[in-house]
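Worksheet for the structure shown next.
This chain uses plain numbering: 1 for the first residue, then up along the sequence. Small disclaimer: the values here were computed from a predicted structure and weren't measured.
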Amino acid sequence: MIQRVLKDKLLETKLMISHARRNEIRKHLDYYSGVSVEQYITNYFSGDAFREIPPSVTNFTRKFINKISRIYSLGAKRNVGDATERYEQLIPTKNVRMKHSERMTRLLGTVANRVHWKDGYFDYRPIYYFEVYFDDDPFVPSSIVYPLLNNTADLSNTDNMQWEYWDSEKYGLMDEEGKMLSEIPNPYGIIPFVFTHREDQIDSFFVEGASDIVNCNEQVNIALTEMNLGMRFNMFGQPWVTGLRADQSMLRAGSNTILDMGEDGAYNITSPSGNIMEAIENIKFQMELVAINNHLWIQFAESGGEVPSGISLMIKDMERKEDYYDDIALWRMYEQDFYNVERVIAGYNGINLPEQFGVDFEEIDYPKTVQDQILKDQFDIQNNLTTRAKIMVRDNKDLTVEQAQAIIEENKSVNSLEAPQQPEQS
(Lines give C-alpha, C1' and ligand atoms only; values in the text may rest on other atoms or scores of the structure.)
Protein backbone atom coordinates (compact mmCIF):
# COMPACT_ATOMS: atom_id res chain seq x y z
CA MET A 1 0.00 0.00 0.00
CA ILE A 2 2.80 2.42 0.93
CA GLN A 3 4.73 1.59 -2.24
CA ARG A 4 1.64 2.20 -4.39
CA VAL A 5 0.96 5.56 -2.70
CA LEU A 6 4.57 6.63 -3.15
CA LYS A 7 4.52 5.55 -6.79
CA ASP A 8 1.29 7.46 -7.46
CA LYS A 9 2.66 10.55 -5.71
CA LEU A 10 5.90 10.38 -7.70
CA LEU A 11 3.94 10.03 -10.94
CA GLU A 12 1.77 13.01 -10.00
CA THR A 13 4.86 15.12 -9.28
CA LYS A 14 6.48 14.17 -12.57
CA LEU A 15 3.28 15.04 -14.46
CA MET A 16 3.18 18.44 -12.77
CA ILE A 17 6.80 19.08 -13.78
CA SER A 18 6.05 17.98 -17.35
CA HIS A 19 3.00 20.27 -17.60
CA ALA A 20 4.96 23.20 -16.16
CA ARG A 21 7.72 22.64 -18.70
CA ARG A 22 5.20 22.47 -21.55
CA ASN A 23 3.63 25.76 -20.44
CA GLU A 24 7.06 27.36 -20.20
CA ILE A 25 7.97 26.21 -23.73
CA ARG A 26 4.69 27.59 -25.08
CA LYS A 27 5.34 30.92 -23.37
CA HIS A 28 8.91 31.13 -24.73
CA LEU A 29 7.72 30.35 -28.26
CA ASP A 30 4.95 32.94 -28.00
CA TYR A 31 7.42 35.64 -26.97
CA TYR A 32 9.88 34.65 -29.70
CA SER A 33 7.20 34.71 -32.41
CA GLY A 34 5.33 37.68 -30.88
CA VAL A 35 2.00 35.82 -30.94
CA SER A 36 -0.66 36.42 -28.25
CA VAL A 37 1.84 37.78 -25.71
CA GLU A 38 -0.77 40.14 -24.25
CA GLN A 39 -2.34 37.15 -22.48
CA TYR A 40 0.62 37.03 -20.08
CA ILE A 41 0.14 40.55 -18.71
CA THR A 42 -3.65 40.97 -18.66
CA ASN A 43 -3.86 39.40 -15.20
CA TYR A 44 -1.81 42.27 -13.78
CA PHE A 45 -4.44 44.85 -14.76
CA SER A 46 -8.15 45.23 -14.21
CA GLY A 47 -10.45 44.75 -17.16
CA ASP A 48 -11.40 48.44 -17.18
CA ALA A 49 -7.76 49.49 -17.73
CA PHE A 50 -7.71 48.03 -21.25
CA ARG A 51 -10.75 50.06 -22.16
CA GLU A 52 -8.51 53.10 -21.84
CA ILE A 53 -5.45 51.76 -23.73
CA PRO A 54 -4.40 48.54 -25.46
CA PRO A 55 -1.69 46.47 -23.76
CA SER A 56 1.90 47.05 -24.92
CA VAL A 57 3.33 43.99 -26.65
CA THR A 58 6.86 44.99 -27.62
CA ASN A 59 9.09 42.04 -28.54
CA PHE A 60 12.87 42.02 -28.11
CA THR A 61 13.11 38.31 -27.23
CA ARG A 62 13.58 37.33 -30.88
CA LYS A 63 16.30 39.95 -31.40
CA PHE A 64 18.22 38.92 -28.29
CA ILE A 65 17.99 35.20 -29.09
CA ASN A 66 19.08 35.72 -32.70
CA LYS A 67 21.93 37.95 -31.55
CA ILE A 68 23.42 35.44 -29.13
CA SER A 69 22.94 32.56 -31.63
CA ARG A 70 25.83 33.13 -34.00
CA ILE A 71 27.45 29.72 -34.45
CA TYR A 72 25.69 29.27 -37.80
CA SER A 73 25.45 32.92 -38.81
CA LEU A 74 27.69 32.28 -41.82
CA GLY A 75 27.20 28.54 -41.98
CA ALA A 76 29.76 25.77 -41.55
CA LYS A 77 32.10 23.79 -43.81
CA ARG A 78 32.09 20.03 -43.26
CA ASN A 79 34.82 17.62 -44.34
CA VAL A 80 34.40 13.85 -44.69
CA GLY A 81 37.47 13.19 -46.79
CA ASP A 82 37.02 11.96 -50.35
CA ALA A 83 33.23 11.80 -49.87
CA THR A 84 32.89 15.50 -49.01
CA GLU A 85 31.34 16.49 -52.35
CA ARG A 86 28.85 13.62 -52.18
CA TYR A 87 28.01 14.45 -48.55
CA GLU A 88 27.38 18.11 -49.41
CA GLN A 89 24.80 16.97 -51.94
CA LEU A 90 22.97 15.05 -49.20
CA ILE A 91 22.65 18.06 -46.83
CA PRO A 92 21.40 21.01 -48.95
CA THR A 93 19.29 22.41 -46.07
CA LYS A 94 21.55 21.64 -43.13
CA ASN A 95 23.03 25.11 -42.53
CA VAL A 96 19.57 26.71 -42.64
CA ARG A 97 18.02 24.10 -40.36
CA MET A 98 20.93 24.23 -37.94
CA LYS A 99 20.69 27.99 -37.66
CA HIS A 100 17.05 27.64 -36.58
CA SER A 101 17.89 24.73 -34.29
CA GLU A 102 20.57 26.78 -32.54
CA ARG A 103 18.11 29.63 -31.95
CA MET A 104 15.47 27.29 -30.56
CA THR A 105 18.05 25.63 -28.32
CA ARG A 106 19.04 29.05 -26.99
CA LEU A 107 15.39 29.87 -26.41
CA LEU A 108 14.08 26.61 -24.94
CA GLY A 109 17.20 25.07 -23.38
CA THR A 110 16.81 21.55 -24.81
CA VAL A 111 15.56 20.56 -28.27
CA ALA A 112 15.12 17.16 -29.95
CA ASN A 113 16.26 17.35 -33.59
CA ARG A 114 14.72 14.75 -35.89
CA VAL A 115 16.94 13.62 -38.79
CA HIS A 116 14.76 12.79 -41.83
CA TRP A 117 15.59 10.98 -45.04
CA LYS A 118 13.46 12.70 -47.67
CA ASP A 119 13.62 12.33 -51.47
CA GLY A 120 17.25 11.26 -51.46
CA TYR A 121 18.69 13.79 -49.03
CA PHE A 122 18.66 14.66 -45.34
CA ASP A 123 16.36 17.14 -43.67
CA TYR A 124 16.15 18.24 -40.06
CA ARG A 125 13.24 19.30 -37.88
CA PRO A 126 13.37 20.49 -34.26
CA ILE A 127 10.86 19.03 -31.80
CA TYR A 128 9.92 21.38 -28.94
CA TYR A 129 7.42 19.32 -26.92
CA PHE A 130 8.62 15.82 -26.16
CA GLU A 131 9.05 13.27 -23.39
CA VAL A 132 12.11 11.03 -23.11
CA TYR A 133 12.70 7.75 -21.28
CA PHE A 134 15.99 6.30 -20.10
CA ASP A 135 17.64 2.97 -19.35
CA ASP A 136 20.85 3.17 -17.33
CA ASP A 137 22.22 6.56 -18.39
CA PRO A 138 19.99 9.46 -17.21
CA PHE A 139 21.54 11.77 -19.80
CA VAL A 140 21.15 9.52 -22.88
CA PRO A 141 17.50 8.80 -23.84
CA SER A 142 16.60 5.33 -25.04
CA SER A 143 13.14 6.32 -26.38
CA ILE A 144 11.14 9.43 -27.17
CA VAL A 145 7.46 10.37 -27.43
CA TYR A 146 6.25 13.62 -28.97
CA PRO A 147 2.93 14.96 -30.37
CA LEU A 148 2.40 15.16 -34.11
CA LEU A 149 1.40 18.57 -35.42
CA ASN A 150 -2.12 18.74 -36.77
CA ASN A 151 -2.86 20.80 -39.86
CA THR A 152 -4.75 23.57 -38.07
CA ALA A 153 -5.06 25.60 -41.28
CA ASP A 154 -7.25 22.84 -42.75
CA LEU A 155 -10.76 23.44 -41.40
CA SER A 156 -11.81 19.90 -42.28
CA ASN A 157 -9.09 18.40 -40.08
CA THR A 158 -10.83 17.38 -36.86
CA ASP A 159 -8.64 14.42 -35.95
CA ASN A 160 -7.56 13.93 -32.36
CA MET A 161 -3.95 14.52 -31.43
CA GLN A 162 -1.59 11.63 -32.11
CA TRP A 163 1.79 10.87 -30.59
CA GLU A 164 4.86 9.43 -32.29
CA TYR A 165 7.02 6.88 -30.46
CA TRP A 166 10.60 5.87 -31.24
CA ASP A 167 13.06 3.50 -29.63
CA SER A 168 15.93 1.47 -31.04
CA GLU A 169 13.64 -1.43 -31.94
CA LYS A 170 10.29 0.00 -33.05
CA TYR A 171 8.39 3.02 -34.27
CA GLY A 172 4.70 3.59 -33.61
CA LEU A 173 1.76 5.99 -33.43
CA MET A 174 -0.29 6.38 -30.25
CA ASP A 175 -3.54 8.15 -29.45
CA GLU A 176 -4.11 10.60 -26.60
CA GLU A 177 -4.82 7.77 -24.17
CA GLY A 178 -1.51 6.04 -24.89
CA LYS A 179 -3.01 3.25 -27.02
CA MET A 180 -0.72 2.10 -29.84
CA LEU A 181 -2.49 2.65 -33.17
CA SER A 182 0.25 1.26 -35.42
CA GLU A 183 3.69 -0.19 -34.90
CA ILE A 184 6.56 -1.16 -37.23
CA PRO A 185 10.18 -2.21 -36.63
CA ASN A 186 12.76 0.58 -36.48
CA PRO A 187 15.00 -0.04 -39.52
CA TYR A 188 17.89 2.06 -38.19
CA GLY A 189 18.54 0.39 -34.85
CA ILE A 190 18.87 3.82 -33.20
CA ILE A 191 16.48 6.66 -32.50
CA PRO A 192 17.01 9.19 -35.36
CA PHE A 193 17.29 12.19 -33.02
CA VAL A 194 20.04 14.47 -31.79
CA PHE A 195 19.41 16.32 -28.53
CA THR A 196 20.97 19.77 -28.36
CA HIS A 197 21.31 21.69 -25.11
CA ARG A 198 21.92 25.37 -24.45
CA GLU A 199 24.83 24.43 -22.19
CA ASP A 200 26.21 21.36 -20.44
CA GLN A 201 23.70 19.44 -18.34
CA ILE A 202 24.09 19.74 -14.57
CA ASP A 203 21.59 17.64 -12.62
CA SER A 204 18.88 16.98 -15.20
CA PHE A 205 18.53 15.99 -18.81
CA PHE A 206 16.67 19.21 -19.60
CA VAL A 207 18.49 22.55 -19.51
CA GLU A 208 16.87 25.87 -18.63
CA GLY A 209 16.14 28.14 -21.57
CA ALA A 210 16.14 31.92 -21.95
CA SER A 211 13.80 32.54 -19.02
CA ASP A 212 15.68 35.69 -18.05
CA ILE A 213 15.06 37.29 -21.46
CA VAL A 214 11.41 36.25 -21.60
CA ASN A 215 10.72 37.42 -18.05
CA CYS A 216 12.44 40.74 -18.76
CA ASN A 217 10.31 41.12 -21.89
CA GLU A 218 7.21 40.50 -19.78
CA GLN A 219 8.31 43.08 -17.18
CA VAL A 220 8.92 45.65 -19.91
CA ASN A 221 5.48 45.04 -21.40
CA ILE A 222 3.91 45.56 -17.96
CA ALA A 223 5.92 48.73 -17.38
CA LEU A 224 5.08 50.13 -20.83
CA THR A 225 1.39 49.41 -20.34
CA GLU A 226 1.42 51.14 -16.96
CA MET A 227 3.35 54.08 -18.41
CA ASN A 228 0.93 54.50 -21.30
CA LEU A 229 -2.00 54.27 -18.91
CA GLY A 230 -0.41 56.89 -16.67
CA MET A 231 0.24 59.16 -19.65
CA ARG A 232 -3.41 58.94 -20.64
CA PHE A 233 -4.57 59.97 -17.17
CA ASN A 234 -1.85 62.63 -17.05
CA MET A 235 -3.05 64.12 -20.35
CA PHE A 236 -6.78 64.11 -19.61
CA GLY A 237 -6.65 64.14 -15.81
CA GLN A 238 -9.12 62.78 -13.29
CA PRO A 239 -12.18 65.07 -12.89
CA TRP A 240 -13.77 65.52 -9.47
CA VAL A 241 -16.63 67.67 -8.20
CA THR A 242 -18.05 68.85 -4.90
CA GLY A 243 -21.63 69.89 -4.22
CA LEU A 244 -23.09 67.84 -7.10
CA ARG A 245 -26.83 67.39 -6.71
CA ALA A 246 -28.04 63.87 -6.04
CA ASP A 247 -30.00 63.62 -9.28
CA GLN A 248 -26.92 64.37 -11.41
CA SER A 249 -25.06 61.51 -13.12
CA MET A 250 -21.43 60.78 -12.11
CA LEU A 251 -20.34 60.00 -15.70
CA ARG A 252 -17.48 61.90 -17.32
CA ALA A 253 -18.88 65.23 -18.58
CA GLY A 254 -18.18 66.73 -21.98
CA SER A 255 -18.10 70.31 -23.26
CA ASN A 256 -21.78 70.12 -24.19
CA THR A 257 -22.92 68.96 -20.71
CA ILE A 258 -23.98 71.30 -17.92
CA LEU A 259 -23.55 70.25 -14.30
CA ASP A 260 -25.76 71.79 -11.61
CA MET A 261 -23.52 71.83 -8.52
CA GLY A 262 -25.36 74.38 -6.39
CA GLU A 263 -23.94 77.47 -4.76
CA ASP A 264 -20.89 75.87 -3.05
CA GLY A 265 -20.08 73.36 -5.78
CA ALA A 266 -16.72 73.08 -7.56
CA TYR A 267 -15.44 71.18 -10.59
CA ASN A 268 -11.72 70.36 -10.90
CA ILE A 269 -9.38 68.11 -12.89
CA THR A 270 -6.34 66.57 -11.15
CA SER A 271 -3.45 65.13 -13.12
CA PRO A 272 -1.14 62.41 -11.75
CA SER A 273 2.36 63.55 -10.81
CA GLY A 274 4.21 60.46 -12.09
CA ASN A 275 7.62 60.92 -13.73
CA ILE A 276 7.55 59.41 -17.22
CA MET A 277 11.32 59.75 -17.72
CA GLU A 278 12.02 57.73 -14.58
CA ALA A 279 9.81 54.95 -15.92
CA ILE A 280 11.66 55.01 -19.25
CA GLU A 281 15.05 54.86 -17.50
CA ASN A 282 13.85 51.91 -15.43
CA ILE A 283 12.81 50.06 -18.58
CA LYS A 284 16.19 50.77 -20.18
CA PHE A 285 17.98 49.52 -17.06
CA GLN A 286 16.09 46.21 -17.11
CA MET A 287 16.89 45.62 -20.77
CA GLU A 288 20.56 46.55 -20.36
CA LEU A 289 20.92 44.28 -17.33
CA VAL A 290 19.59 41.19 -19.08
CA ALA A 291 21.68 42.06 -22.16
CA ILE A 292 24.88 42.24 -20.09
CA ASN A 293 24.10 38.90 -18.46
CA ASN A 294 23.96 37.38 -21.96
CA HIS A 295 27.20 39.06 -23.13
CA LEU A 296 25.33 41.59 -25.24
CA TRP A 297 25.39 45.36 -25.28
CA ILE A 298 22.58 47.51 -26.57
CA GLN A 299 22.39 51.13 -27.61
CA PHE A 300 19.20 53.11 -27.71
CA ALA A 301 18.49 55.55 -30.52
CA GLU A 302 20.28 58.78 -29.73
CA SER A 303 21.62 61.58 -31.85
CA GLY A 304 25.34 62.21 -32.19
CA GLY A 305 28.23 59.91 -31.36
CA GLU A 306 30.98 58.42 -33.49
CA VAL A 307 30.93 55.12 -35.34
CA PRO A 308 33.08 52.65 -33.34
CA SER A 309 36.08 51.08 -35.05
CA GLY A 310 36.65 47.36 -35.46
CA ILE A 311 39.28 47.31 -32.70
CA SER A 312 36.98 49.06 -30.21
CA LEU A 313 34.19 46.62 -31.08
CA MET A 314 36.55 43.69 -30.54
CA ILE A 315 37.58 44.96 -27.09
CA LYS A 316 33.98 45.66 -26.14
CA ASP A 317 32.92 42.23 -27.37
CA MET A 318 35.70 40.28 -25.60
CA GLU A 319 33.47 38.41 -23.11
CA ARG A 320 31.03 37.48 -25.83
CA LYS A 321 33.91 36.23 -27.97
CA GLU A 322 35.06 33.91 -25.18
CA ASP A 323 31.50 32.64 -24.80
CA TYR A 324 31.40 32.10 -28.55
CA TYR A 325 34.46 29.82 -28.45
CA ASP A 326 32.85 27.77 -25.67
CA ASP A 327 29.75 27.36 -27.83
CA ILE A 328 31.85 26.26 -30.81
CA ALA A 329 33.26 23.35 -28.78
CA LEU A 330 29.74 22.36 -27.73
CA TRP A 331 28.23 22.54 -31.23
CA ARG A 332 31.19 20.71 -32.76
CA MET A 333 30.23 17.81 -30.51
CA TYR A 334 26.61 18.09 -31.69
CA GLU A 335 27.75 18.12 -35.32
CA GLN A 336 29.52 14.81 -34.67
CA ASP A 337 26.31 13.42 -33.15
CA PHE A 338 24.35 14.50 -36.23
CA TYR A 339 26.87 12.85 -38.51
CA ASN A 340 26.74 9.58 -36.55
CA VAL A 341 22.97 9.45 -37.06
CA GLU A 342 23.32 10.43 -40.73
CA ARG A 343 25.81 7.61 -41.35
CA VAL A 344 23.35 5.03 -40.03
CA ILE A 345 20.44 6.40 -42.09
CA ALA A 346 22.59 6.75 -45.21
CA GLY A 347 23.87 3.18 -44.81
CA TYR A 348 20.28 1.90 -44.62
CA ASN A 349 19.58 3.69 -47.93
CA GLY A 350 22.64 2.20 -49.63
CA ILE A 351 25.08 5.11 -49.20
CA ASN A 352 28.33 4.53 -47.35
CA LEU A 353 29.82 7.53 -45.56
CA PRO A 354 33.30 7.40 -43.97
CA GLU A 355 33.86 7.51 -40.24
CA GLN A 356 36.06 10.61 -40.33
CA PHE A 357 34.28 13.93 -39.91
CA GLY A 358 35.39 17.50 -39.43
CA VAL A 359 33.58 20.81 -39.27
CA ASP A 360 34.81 24.39 -39.51
CA PHE A 361 32.43 27.14 -38.40
CA GLU A 362 32.60 30.39 -40.35
CA GLU A 363 33.42 33.27 -38.01
CA ILE A 364 32.05 36.79 -38.32
CA ASP A 365 34.81 39.33 -38.89
CA TYR A 366 34.80 42.69 -37.22
CA PRO A 367 34.42 45.58 -39.66
CA LYS A 368 37.59 46.86 -41.36
CA THR A 369 38.28 49.85 -43.51
CA VAL A 370 38.79 49.20 -47.22
CA GLN A 371 42.48 50.06 -46.91
CA ASP A 372 42.99 47.65 -44.00
CA GLN A 373 41.23 44.86 -45.90
CA ILE A 374 43.43 45.47 -48.97
CA LEU A 375 46.60 45.31 -46.88
CA LYS A 376 45.40 42.09 -45.18
CA ASP A 377 44.56 40.44 -48.51
CA GLN A 378 47.93 41.44 -50.02
CA PHE A 379 49.77 40.01 -47.01
CA ASP A 380 47.86 36.71 -47.23
CA ILE A 381 48.56 36.37 -50.97
CA GLN A 382 52.26 37.21 -50.64
CA ASN A 383 52.68 34.62 -47.86
CA ASN A 384 50.59 31.98 -49.67
CA LEU A 385 47.91 32.01 -46.96
CA THR A 386 45.11 32.33 -49.51
CA THR A 387 44.45 32.81 -53.23
CA ARG A 388 42.69 35.46 -55.27
CA ALA A 389 39.98 32.94 -56.11
CA LYS A 390 39.30 32.27 -52.41
CA ILE A 391 39.10 35.99 -51.72
CA MET A 392 36.56 36.28 -54.52
CA VAL A 393 34.50 33.43 -53.06
CA ARG A 394 34.64 35.13 -49.67
CA ASP A 395 32.99 38.21 -51.17
CA ASN A 396 30.56 36.19 -53.33
CA LYS A 397 29.23 33.05 -51.64
CA ASP A 398 27.40 31.93 -54.79
CA LEU A 399 30.69 31.12 -56.57
CA THR A 400 32.86 28.05 -56.21
CA VAL A 401 36.65 28.32 -56.15
CA GLU A 402 36.82 26.86 -59.66
CA GLN A 403 34.30 29.38 -61.00
CA ALA A 404 36.15 32.25 -59.32
CA GLN A 405 39.47 31.10 -60.80
CA ALA A 406 37.91 30.92 -64.27
CA ILE A 407 36.58 34.47 -63.92
CA ILE A 408 40.00 35.71 -62.80
CA GLU A 409 41.71 34.07 -65.79
CA GLU A 410 39.13 35.55 -68.15
CA ASN A 411 39.57 39.00 -66.63
CA LYS A 412 43.33 38.70 -66.99
CA SER A 413 43.07 37.97 -70.71
CA VAL A 414 40.58 40.82 -71.30
CA ASN A 415 42.64 43.31 -69.32
CA SER A 416 45.84 42.39 -71.16
CA LEU A 417 44.14 43.07 -74.51
CA GLU A 418 42.73 46.39 -73.37
CA ALA A 419 45.96 47.60 -71.80
CA PRO A 420 47.53 50.55 -73.71
CA GLN A 421 50.58 49.69 -75.82
CA GLN A 422 53.83 51.26 -74.69
CA PRO A 423 55.64 53.23 -77.47
CA GLU A 424 58.84 51.64 -78.75
CA GLN A 425 62.10 53.32 -77.78
CA SER A 426 64.21 54.51 -80.69
Side-chain angles (χ1 to χ4, degrees), residues 11-43 57-69 71 97-115 124-134 138-141 143-153 160-166 174 176 178 191-221 290 293-294 327 330-331 334:
L11 179 60
E12 180 182 352
T13 302
K14 288 185 175 181
L15 286 175
M16 290 177 59
I17 295 175
S18 177
H19 291 162
R21 181 174 177 271
R22 177 179 289 260
N23 292 333
E24 182 180 85
I25 290 174
R26 184 179 296 109
K27 181 178 180 179
H28 285 31
L29 290 174
D30 286 342
Y31 269 96
Y32 182 83
S33 59
V35 176
S36 302
V37 294
E38 64 274 4
Q39 64 179 310
Y40 300 106
I41 67 171
T42 53
N43 293 332
V57 289
T58 184
N59 180 14
F60 57 83
T61 298
R62 172 188 287 270
K63 187 172 184 178
F64 275 26
I65 292 297
N66 292 352
K67 199 71 173 178
I68 63 179
S69 305
I71 300 297
R97 303 298 191 208
M98 292 301 291
K99 179 182 292 188
H100 179 69
S101 178
E102 182 194 0
R103 292 173 176 176
M104 292 298 100
T105 302
R106 291 282 189 180
L107 177 70
L108 305 178
T110 298
V111 172
N113 300 272
R114 169 76 189 279
V115 182
Y124 314 84
R125 292 294 180 183
I127 307 298
Y128 313 130
Y129 308 103
F130 63 93
E131 300 294 336
V132 285
Y133 304 92
F134 306 89
F139 295 103
V140 180
S143 58
I144 181 174
V145 176
Y146 59 94
L148 293 177
L149 294 179
N150 287 334
N151 189 357
T152 55
N160 294 328
M161 179 177 290
Q162 294 181 344
W163 294 71
E164 199 165 278
Y165 173 84
W166 283 89
M174 299 187 303
E176 293 180 326
I191 56 175
F193 292 86
V194 175
F195 300 92
T196 54
H197 307 276
R198 179 187 176 99
E199 56 189 16
D200 287 334
Q201 298 150 297
I202 298 178
D203 59 352
S204 173
F205 174 79
F206 293 101
V207 175
E208 183 65 26
S211 299
D212 55 341
I213 297 177
V214 173
N215 291 339
C216 179
N217 203 155
E218 184 174 348
Q219 290 282 357
V220 169
N221 285 347
V290 74
N293 290 337
N294 287 277
D327 292 334
L330 187 64
W331 282 90
Y334 293 149

Practice problem: Quick one: sort the F206 and F130 rings into parallel, tilted or perpendicular, breaks at 30° and 60°. | Solution: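 Because their plane-to-plane angle lies in the 30° to 60° range, the rings of F206 and F130 count as tilted.
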Self-check item: Ring geometry between Y334 and H197 (parallel below 30°, tilted from 30 to 60°, perpendicular above 60°)
Solution: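 Answer is tilted, since the angle falls between 30° and 60°.
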Exercise. Give a yes-or-no answer on whether the side chains of N217 and Y32 include a donor-acceptor pair shorter than 3.5 Å.
Key: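 Their side chains do not contain a donor-acceptor pair, so the 3.5 Å distance test is not met.
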Heavy-atom side-chain proximity of [X] to [Y] below 4.5 angstrom:
| X | Y | answer |
| --- | --- | --- |
| Y124 | N113 | no |
| R114 | P192 | yes |
| T105 | W331 | yes |
| L107 | Y31 | no |
| T110 | F205 | yes |

What are the two closest heavy atoms between [X] and [Y], and how far apart are they?
| X | Y | value |
| --- | --- | --- |
| S143 | Y165 | CB-OH, 3.8 Å |
| W166 | E164 | NE1-OE2, 3.1 Å |
| V290 | N294 | O-ND2, 2.8 Å |
| H28 | A210 | NE2-C, 3.9 Å |
| N59 | S33 | ND2-C, 4.2 Å |
| I144 | V132 | CG1-CG1, 4.2 Å |

Practice problem: Among Y129, F193, Y128, find the one that has a ring-ring contact (aromatic ring centres under 6.0 Å, His included) with Y146. | Solution: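 With Y146 as partner, ring-ring contact (aromatic ring centres under 6.0 Å, His included) holds for just one option, F193.
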Quiz prompt | Interatomic distance, E218 atom CD to S211 atom OG [nearest 0.5 angstrom] | solution =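 Atom-to-atom, E218:CD and S211:OG are 11.0 Å apart.
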Quiz item: Would you find a donor on one side and an acceptor on the other, under 3.5 Å apart, between the side chain of Q201 and the backbone of V207?
Solution: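 Such a contact is absent between Q201 side chain and V207 backbone.
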Quiz item: Would you say the side-chain atoms of S101 pair up with the backbone N or O of R97, donor to acceptor, closer than 3.5 Å?
Solution: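 No: the side chain of S101 does not pair with the backbone of R97.
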